[in-house]
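Only one structure is covered here, and it is reproduced in the block below.
So that the names make sense, note that chain A is the first sequence line, chain B the second, and so on, each numbered from 1. This structure is a prediction, so every number in the text was calculated from the model and none was measured.
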Amino acid sequence: MGILDLGRYKGIVWAITGFLVAFIAILALNHGIAGLFADDVAGVKFLSQMRTQPAEIQANARTITERLQAGEKVDDAIEALRSSATAYDHAFIGLAGGMVSDNSGATIGVSALNDAEAKAMLADGEKVWKEYKAKLDPILRFSGSPYAAEAPAPAAPAPTGKNAAAAPAAEKPAGVQLSPRGRRLQTALVELNTFAAASQAQLSQISTKLAGQVEESSKGNAALLRGVQIGGLLAALALLGALFFYFARNLRKEEMVSSRARKETADILRTVNEGLFLLDKDLKLGSERSMALNTIFRKEDFMNLTFDSLLKDIVPEKTLKTAMDYVALLWGERVNEKLVKTINPLNEVEVHFDNPAGGFDTHYLEFDFNRVKSDGSLSHLLVTVNDVTKRVMLSRELQESQEKAQAQLDLLLRILHVEPDSLTGFLTDADVSLKMVNSILKEPAREETAFRAKIDGIYRQVHAVKGEAAALGLKTVEQRAHAFEESLSDLKGRPTLSGSDFLPLVVKLDDLFNHLAQVREMLGRLVDLHHAIAARRTSGGGQVEAAKVDQWLAGKHDQTMQMKALPTQQPQQEAEAAVGLERTLEDLAARVASSHSKQVSLKCTGLTEVPESYKRAVKDITIQLVRNAVVHGIETPDQRVKAQKSETGFLGVEFTQRGEEGFELVVQDDGRGLQLDRIKEVAVERGLITPAQAALLDPRQTMALIFRPGFSTADRVTTDAGRGAGMDLVRILVAELGGRVGLASAGGRFSKFKIWLPSPSRAVAA
Amino acid sequence: MAANAKAEPLTNGKLKLMICDDSNIIRRKIERELKIDRLQVIATAANGKLAVEAFRKEPADVVTMDITMPEMDGIECVENLVKIKPDVLILIISALSDKATAIEALKKGANGFLCKPFTDRQLTEALEELLRGAGNDD
Amino acid sequence: MMTKVELETFVEGTTNYFATAANQPASVGSPYIVQEGRPTVQEFTGLISIAGKRRGIVYFTASRPMLTVMLMRMGETELTQENMCDLVGEVANTISGNARRDFGKDFMISVPTVVAGEPEKIVTPDNTRSFVIPINWRSHSAQLVVCLE
């Protein structure tokens, strides 16, 4: 703090300085006036002495006269007269300049002598004294003896007591003979005595008057002094009062400022989102803390709580111990606060709160510790607590999605063997389905019924995608579609529905779109690779540099190479599309069979004859029926052996034209057939019918149950079957095309689905 | 353990640094990336035992210390170094697998902690913070 | 990839505003995706930009009639263009505040900007799908659009 930088003490310093200056000024004034007062006293004394001086001169003159008469020696008497006259003269000279001499001989100015009246009086006195001096002059100039030569020398000193009586100057004792000079002296003495007698009163009066005047002035000064003293006292009192007022006001101001600060602190502590508290050396929580703590720790009472007990119930013991060690370290002087933040064990700590409804609520809290110093030493730790649950969840989600993305790529690389054209077809279809899902979502909805109405439509689209993906062995797509279905089932089961409930759906839809885009990109590279290999073959024995293949694999498309390869590819494409479905079904049947430990042989006929406009529907239908047949119809090899059948089940898919009218699609297997009792049980379990109704159903009605929405006989929900949407989808697809479904089954022997579809032109007309 | 080591300052007025880490790569990395003029490397040690021996001969002012090392680990080493020279500044440089272990090293007298892997800048900042003073937070 | 938590946070920020400031809760409509082209933009739009782990924009767009009713519900008598801009800005601000609270460390979130009309001023990142979440309030419908890479 600099000298002039007094900060908050400026006021006090100025006030005290002012007080001292005023005090010194009053003292100086007091001293000055007291000096004047002393001068006046000296003046009065001087003047009263001066008043007696003419009498002294006169007495001395008379002594000379008496000596002369007695014929005594006059020299010393003249000397005495000279001395008294000189003193009186000096006094006059001094007074004329307004100065007097005190006892010690120092000269003192007396202001009272300087006014006009005093000057006039002095002038009068001086005039008289001038005449007086003229009379004195001849006497004082006298020297030698005043007597005639025969006169005897004085035998003895004159008796001093005799001069007290003022005898007439002319009187002379007999027998004294004066010399002529002596006679002249005697004459001068007679004149002087006469003048002195005449002027003495006047001179004395002047002195008296002057003294009176000085005394008057002295009285004035005394009054002034008293006034100054009283004034000073009053001023000092006033200053003291002002100081007192000033301090009182400042105190009040400071009190206001600090109470405002306290209020602000309280406001901050009440409204701040972070949990804030102070820890003292005993690790006790301070009394000031933010309200957010209540929410974060789910308690109201923090009085006399220790840090240890705050954490005890919500973190594991080991974490607690490490945390207490860490806090203890912060109290030590040795560690560098900034360099230990990374090992703060309570940075993002998982805590568990008891949930009144049972179980635990897991949250993530972030503690931050900061040293608080007062007067240079560590007084508290400021602890900041934040609930970072959402942040942690989010970063986990992000991490998971990154991991997922990695997994996708790995899987995609593994499924590269999938036939490119099947894949292209699937991607196109899936894209159409997902766009359909999006347009269903886009339909404005406010009421719950509107939301509920969307679910089934979305479900069918997603289920179709799932089926095809499964058929192609696109596990990653299938898993996503399956998760989508799960969300939909979850929504279906909810008592109320709103747009917020649909948010997970759009997220999953977005994920599917993304994923399919990735698959498409991979497919692009795959096609390039195919072409590269084809080009290598045609160019005859590995002429294409390996580097080119690497480039394709890395996704760097080579335009010229692609152009060269494409023409050979083009003509085959038509035939391959139909072969595509056949292969898809074969793959599906083999895959599903192996995952259920079954053996199956699939025979497809006429699939190349499917009209363009039915391709999609036929694909969806056959996928559903083939999967169903493998899961539900075909028995395991040992069951088949027991039933005296071959280990390998037979599955036939047949598409044939039925005259002008339309087409017939037959899917049949030699499995156990439809188990009517099991179907009834499931229908009752699913709440589709009551037990009483079940008892009344005939076989045909029972079989029809499998086409009802929500029916599934698989015990577990898997991606292969279950969920019950499969047969429902078949029914809907057929109905959409204006066709019919027929079903025949014999227990233990076979199941046969017969689907009739009108010819496309008729379907449009219908 | 008597404090018998002689602590003569370097003639160029720099502070003496010892690097203790069992990884040769890390030792070289610290040496190479040391961007603080006030520090001069006087010794490197591959384990705690060697570090204590080197420290006895010539105690450093600043030490960077790994925790998991053969022969003698970082925690025991810190304890020994502080006994020899109580005002030594020690920065633990270790992978953050177990915070409790790091805290243990701090309890023995280390001053700060830097997490592996670290960047050139993080190392410089941590060492500068260390030199600014142990226990100082302003 | 957009996560559920992110989307919920933005939606919550928006509905929060209606529940607290407009004295009447809004309902969330059926959300959908816009694959190509621009998502809906109405007359007034409050927009925040996001950088960091995710990049893109989030905006709230509403019609003049809806904002008029909102202002009236809030006791505002001056149904001016400025006040409507203010209002969508406030909604964007609330969304931003919510996002800051929840993903503060991962996202950098800009201060809201307001666009009146001029949909061409709202630029979504290329090749990124937008999520459109209708916000239904009384008979009106506004949109919350989330477009993050």
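For a residue to count as touching a neighbouring chain, one of its non-hydrogen atoms must lie under 4.5 Å from one of that chain's; by this rule C:Val5 touches chain A with backbone and side chain alike. Using a 4.5 Å cut-off between heavy atoms, C:Ile133 touches chain A through its side chain atoms alone. Neither the backbone nor the side chain of A:Lys508 comes within less than 4.5 Å of any heavy atom of chain C. For A:Pro444, no part sits under 4.5 Å from any heavy atom of chain C, backbone or side chain. Looking at C:Thr128, neither its backbone nor its side chain comes within 4.5 Å of chain A, counting heavy atoms on both sides. In this structure, chain A has no heavy atom under 4.5 Å from any part of C:Thr15. For a residue to count as touching a neighbouring chain, one of its non-hydrogen atoms must lie under 4.5 Å from one of that chain's; by this rule C:Pro134 does not touch chain A.
Counting heavy atoms from C-beta outward, A:Val507 and C:Glu6 have side chains that stay 4.5 Å or more apart.
When atom types are taken as modelled, the side chain of A:Arg446 and the backbone of C:Val28 share no donor-acceptor pair closer than 3.5 angstrom. C:Ser30 contributes a side-chain N or O that, together with a main-chain N or O of A:Leu441, makes up a donor-acceptor pair within less than 3.5 Å.
For CE of C:Met72, the number of neighbouring non-hydrogen atoms (other residues, nucleotides, ligands) closer than 6.0 Å is 12 at most.
We find the OH-CG distance between C:Tyr32 and A:Leu505 to be 15.5 Å, quoted to the nearest 0.5 Å.
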Handout entry: C:Val132/A:Lys442 under side chain to side chain contact (heavy atoms under 4.5 Å, CB included): CA gap, chis, key distance, verdict
Key = CA-CA 9 Å; C:Val132 180; A:Lys442 201 173 171 179; over 6 Å; no

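When C:Lys4, C:Glu12, C:Gln35 are compared by the number of non-hydrogen pairs under 4.5 Å with chain A, C:Gln35 comes out ahead. In terms of heavy-atom pairs under 4.5 angstrom with chain C, the leader among A:Leu503, A:Val388, A:Ile440 is A:Leu503.
Residues C:Ile33 and A:Asn438 approach most closely at O-ND2, 2.6 Å, considering heavy atoms. The nearest pair of heavy atoms linking A:Gly499 to C:Pro31 is O-CD, 3.7 Å.
Contacts of residues 447-454 of chain A with chain C at a heavy-atom distance below 4.5 Å involve A:Phe451, A:Lys454, listed in sequence order.
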